[in-house]
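The structure appears below as structure tokens.
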Amino acid sequence: MKYWLVKTEPSEFSWEDLKAAPGQTTPWEGVRNYQARNYMRKMQVGDLVFFYHSQTNPLAIIGIAIVVRGAYPDPTQFDPSSPYFDPQSTPENPRWETVDIQYQREFSAPISLPQLKEIPGLENMVLLRKGSRLSVQPVTEREWRIVSALRE
DNA sequence: GCCAACGTTGGC
DNA sequence: GCCAACGTTGGC
């Protein structure tokens, strides 16, 4: 099993949206970055995912989701009415993929970015690296244990 | 709203 | 294949 972190602007798709989704499950659509896509390709059913809110207050990890379906072509790339439409992508040769994630648990309180920066052992976490913009990131097992131990 | 960091595009 | 220009992300 592997561990991951996904970033989202809550004005686009929030933790509350995930909880309210049918089956508390959503396709993680709209990722249009090759590195992030490549990580999604490595995601397997049962992998755990930190859910992080960006561009908001507080900047924080809110809870944990679980991968319930591994990578498959992101349907929004074929939909001309979608903001994620990619005219260069075809069903025969799709460029972008998505995974399905499901709500797993919510932390008793969000773990904020400033707080994470204080915690020994997280110095190399991708989220905390300067200029890191990756919206889908790997988390090491050790980082996962340190962060999840901060909350019930 | 600013701006640093990063990714992508396209001329050459 | 280089790299300047441009667009986007995201913390502050």
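Per chain, numbering begins at 1; letters A, B, ... match sequence-line order. Just so you know, these numbers come straight off a predicted model, no measurement behind them.
Aromatic rings from W15(A) and F107(A) are positioned such that their centres are separated by 6.0 Å or more. Ring centroids of Y34(A) and W96(A) are separated by less than 6.0 Å, placing the two rings close together.
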**Request:** Assign a letter to each nucleotide of nucleotides 2-11 of chain C from its 5' end: B, base within under 4.0 Å of a protein heavy atom; S, sugar-phosphate only; -, no contact.
**Result:** -----BBBBB
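With hydrogens and angles left out, the side-chain atoms of S14(A) and D17(A) include a donor and acceptor closer than 3.5 Å. Using modelled atom types, one finds no donor on one side chain facing an acceptor on the other under 3.5 Å when comparing R105(A) with S148(A).
The side chain to side chain contact (heavy atoms under 4.5 Å, CB included) test applied to I146(A) returns I119(A), L122(A), R142(A), not counting sequence neighbours.
Each of Y34(A) and K130(A) has a nearest nucleotide on DNA chain B; the 5'-most of these lies closest to K130(A).
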